[in-house]
Amino acid sequence: MKVLLITPGPAEFFRGPTSTVERYRNGLLRRGHLCEVFGDGSQGALKRSLAGTILRLRPDVVHAHDAFRSGVQL
């Protein structure tokens, strides 16, 4: 299964939610799922659009963790 996790933003500003999303990602990867995180640019990732990420990944599940803070209109 392909899963897209949306995090509120860089770990420097949203430490708790970002750590939780990383735990989700690691657990899903251990279980054999393809998982990508959107919204955390703290590791030098290029700025991407959410629509472009969804079109590229074509996820089965999209989870916006702490959606209120992520700024994403879902």
Side-chain angles (χ1 to χ4, degrees):
M1 182 182 313
K2 293 187 270 183
V3 180
L4 177 62
L5 298 171
I6 302 173
T7 188
E12 301 87 51
F13 303 112
F14 299 100
R15 225 170 254 160
T18 302
S19 296
T20 300
V21 168
E22 278 302 307
R23 284 195 305 275
Y24 290 168
R25 183 180 85 64
N26 293 339
L28 289 164
L29 290 173
R30 278 194 307 271
R31 288 164 181 81
H33 300 289
L34 177 63
C35 189
E36 187 169 318
V37 175
F38 179 86
D40 181 14
S42 65
Q43 297 177 0
L46 294 174
K47 184 174 175 100
R48 309 171 293 216
S49 74
L50 180 58
T53 300
I54 290 173
L55 288 173
R56 178 182 50 76
L57 181 63
R58 301 222 180 256
D60 300 305
V61 175
V62 176
H63 173 72
H65 184 75
D66 205 356
F68 179 74
R69 288 189 178 144
S70 68
V72 176
Q73 301 294 324
L74 298 176

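- Legend: residues meeting side-chain hydrogen bond (donor to acceptor under 3.5 Å, both in side chains) with Arg31, ordered by chain and number and at least two apart, are absent.
- A single hydrophobic cluster is not seen to contain both Leu34 and Leu29; linkage of ILVMFWY side chains at heavy-atom distances under 4.5 Å, directly or through other members, places them apart.
- By the 4.5 Å heavy-atom criterion applied to side chains, His65 and Ile6 are not counted as neighbours.
- Contact check for Glu22 versus Val37: side-chain heavy atoms found under the 4.5 Å cut-off.
- Distance check: His63 NE2 to Thr7 OG1 gives 9.5 Å after rounding to the nearest 0.5 Å.
- For the pair His33/Arg25, no side-chain contact is recorded, criterion being any heavy-atom separation below 4.5 Å from C-beta on.
- Arg58 is linked by a side chain to side chain contact (heavy atoms under 4.5 Å, CB included) to Lys2, Leu55, counting only residues two or more places apart in sequence or in another chain.
- The side-chain heavy atoms of Glu36 and Leu5, taken from C-beta on, include no pair separated by under 4.5 Å.
- Under the 4.5 Å side-chain criterion, counting only non-hydrogen atoms from C-beta, Leu4 is in contact with Phe38.
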